[in-house]
Amino acid sequence: MTSPSPEVSTVDPYADAERRRAARALLRTPLLHLDRGADDLALVRRHQRELIAMFAEGLGYRLVVEPGLARLMKVGLGPDGTRPLLRRNGSPFTPRRYAFLALTLAALTRTRRQVMVDEVVAGVRSAATDAGVDVDLDSIHDRRALHSALTALVDLGILTERDGDLEHWVERHTESLLDVHRDRLAVLVAAPLASCQTPEDVLAVQEVPSAAGGARIAVRRALTESPVVSTEDLTEDQSGWWRRNREREREWFSRWLGLDLEIRAEGALALDPDEELSDVTFPGAGSARHAALLLLAELTEAARTGAEPSDLQTGVSQDGSRTWRPVAASTARAASDRLLRSWRRGLRKAHREDPDLLFAEAMQILVSLGLVREGPGVVHVHAAAARYAPRAELVTASGPKGERSLFEEDEDGG
């Protein structure tokens with residue numbers, strides 16, 4: 001049985017649009033405050049009653065709204081190594097940097113609202129001793145790890161640089177005075193730390209309220225957090241709920257999140273017409289993403305033509321999956337080498353000179369998007385790949401400044 005949706009006015013399209021914009025802002029930036037998204041924060045505050053109910057009943061997320069901030073406790077789908085916290089240079093946090101982030105948060109809970117960075121260092125040393133973690137903040141390695149934690153907290157708005165230069169603190173060239181926003185610090189960690197006994201407890205997904213609500217919330221979360229959902233990945237309860245309610249879900253996702261559901265035999269795809277909710281843009285700019293898109297076309301064609309005739313008729317592969325079609329890993333690699341020969345002048349130098357790098361980065365993008373899976377000697381292609389696979393056409397026109405097109409044919413005929 002489906003729980004009723006939160007009461008929403010159907011006579012005021014402007015209010016609906018504001019609520020939708022506020023909900024999307026929270027999904028995009030789960031911690032809004034006056035220094036980051038003040039306009040969106042005002043919308044959240046204006047519609048907080050409806051939004052709190054919608055996130056709780058629709059996605060099982062807790063929304064905290066205070067005068068100066070809004071925090072969506074978006075626990076997502078559970079531990080996921082594909083979406084790490086990133087440093088300012090774009091590289092992912094290492095386990096050591098995560099450890100320093102946790103120690104810094106612990107240290108900040110004991111500081112004043114305004115603190116010198118060296119006082120934070122002393123607090124981190126103390127927190128490390130309490131936690132039994134060995135740190136050496138006289139070493140450049142650990143100072144860099146702590147610097148990553150501090151700058152991440154600055155970017156989140158937990159810390160503000162009031163005076164000094166934190167950027168060059170690692171080399172001991174500068175000092176920095178920091179403001180600690182304690183209200184934001186208090187809501188940063190989504191896990192209920194008071195009841196956590198182990199690191200696994202911190203990462204555990206919050207339980208959903210009931211069996212029926214669990215199926216609804218699980219499917220909606222999956223479509224919201226990872227826009228491709230395969231029916232064969234759902235439990236029996238979730239599959240039953242999805243079959244009964246999938247048409248109704250179109251309205252829910254459109255009304256609250258502005259997403260269009262494309263429902264197919266294998267599952268569903270949540271499309272964002274405004275292309276702003278995903279942290280991974282695809283198709284997108286860059287040599288690796290271009291190569292990934294072109295490789296996807298090759299893999300999709302191989303998956304179609306490589307299947308047995310009976311598979312194509314029934315839509316079921318030999319291993320019983322309706323969703324995934326196998327392609328030999330050697331076929332995938334040959335396809336990558338072929339597209340390199342065809343489109344090499346449109347790819348960056350590193351990819352032109354290193355076919356292994358090109359294949360690895362293109363595959364990494366496709367795997368992170370859930371469009372392919374790699375196994376021993378085989379690549380499994382998801383049915384949704386056909387939704388993205390392009391039909392490349394040769395474009396000879398140059399850009400406005402004379403730049404060449406990615407699809408411009410190589411002089412040697414590729």
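Keep in mind that this is a model prediction, so the values were computed, not measured.
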For F93, which residues count as a ring-ring contact (aromatic ring centres under 6.0 Å, His included) partner, sequence neighbours excluded? Y98
So for atom CZ, which belongs to R264, do other residues, nucleotides or ligands contribute more than 12 heavy atoms lying within a distance under 6.0 Å? no
Salt bridge E251-R248, side-chain N to carboxylate O under 4.0 Å: no
Less than 4.0 angstrom from a charged side-chain N to a carboxylate O is my criterion; do D16 and R20 meet it? no
If we ignore angles and hydrogens, is there a donor and acceptor under 3.5 Å between the side chains of H351 and E361? yes
Heavy-atom distance under 4.5 Å between the side chains of E119 and R112, does that happen here? yes
Kindly state each residue pair satisfying ring pair (Phe, Tyr, Trp, His ring centres under 6.0 Å) with at least one member in residues 125-152, sequence neighbours excluded. none
Not counting sequence neighbours, which residues clear side chain to side chain donor-acceptor pair (under 3.5 Å) with S230? List them please. H382
Side chain to side chain contact (heavy atoms under 4.5 Å, CB included) filter on E275, not counting sequence neighbours, yields none
How long is the gap from CG on L43 to CG on L51, to the nearest 0.5 Å? 9.0 Å
Side-chain donor-acceptor distances from residues 122-134 under 3.5 Å, at least two apart:
from: T129; atom 1: OG1; to: R125; atom 2: O; distance (Å): 3.0
from: D130; atom 1: OD2; to: R110; atom 2: NH1; distance (Å): 3.4
from: D130; atom 1: OD2; to: R110; atom 2: NH2; distance (Å): 3.2

How would you list, by chain and number, every residue that makes a side chain to side chain contact (heavy atoms under 4.5 Å, CB included) with S254, sequence neighbours excluded? none
Applying side chain to side chain contact (heavy atoms under 4.5 Å, CB included) to Q238 and not counting sequence neighbours gives A215, A218, V219, L234, T235
What's the verdict on side-chain contact (heavy atoms from CB on, under 4.5 Å) for D35 and R184, showing C-alpha distance, side-chain angles and the deciding distance? CA-CA 11 Å; D35 300 327; R184 303 169 192 174; 3.1 Å; yes
Which residues satisfy the salt bridge (Lys or Arg N to Asp or Glu O under 4.0 Å) test with R113, sequence neighbours excluded? none
Results of side chain to side chain donor-acceptor pair (under 3.5 Å) for R246 - residues two or more places apart only: none
For E276, is there any backbone N or O sitting under 3.5 Å from a side-chain donor or acceptor partner on D274? no
Find out whether Y61 and M54 are in side-chain contact, i.e. whether some heavy atom of one side chain is under 4.5 Å from a heavy atom of the other. no
For the residue pair L26 and F55, establish whether any side-chain heavy-atom pair is separated by less than 4.5 Å. yes
Nearest 0.5 Å please: distance from the CH2 atom of W324 over to the CG atom of L371. 7.5 Å
Is any side-chain heavy atom of L177 less than 4.5 Å from a side-chain heavy atom of V117? no
Quick one: are L101 and L153 in side-chain contact, heavy atoms under 4.5 Å? yes
Do T29 and D40 come within less than 4.5 Å of each other through their side chains, counting heavy atoms only? no
Pair up each side-chain donor or acceptor in residues 155-164 with any protein partner under 3.5 Å, not counting sequence neighbours, and list the distances.
from: D155; atom 1: OD1; to: R88; atom 2: NE; distance (Å): 3.3
from: D155; atom 1: OD1; to: R88; atom 2: NH2; distance (Å): 2.9
from: D155; atom 1: OD2; to: R88; atom 2: NE; distance (Å): 3.2
from: T160; atom 1: OG1; to: H181; atom 2: NE2; distance (Å): 2.6
from: E161; atom 1: OE1; to: L166; atom 2: N; distance (Å): 3.0
from: R162; atom 1: NE; to: D179; atom 2: OD1; distance (Å): 3.0
from: R162; atom 1: NE; to: D179; atom 2: OD2; distance (Å): 2.9
from: R162; atom 1: NH2; to: D179; atom 2: OD2; distance (Å): 2.9

A side-chain contact here means heavy atoms from C-beta on lying under 4.5 Å apart; do L178 and Q114 qualify? no
I'd like to check the side chain to side chain donor-acceptor pair (under 3.5 Å) partners of R97; sequence neighbours left out, ordered by chain and number. S148
With the side chain counted from C-beta on, respond yes when F359 and D337 share a heavy-atom pair under 4.5 Å apart, and no when they do not. no
By side chain to side chain contact (heavy atoms under 4.5 Å, CB included) - contacts of T331 (at least two apart): A302, V327, A328
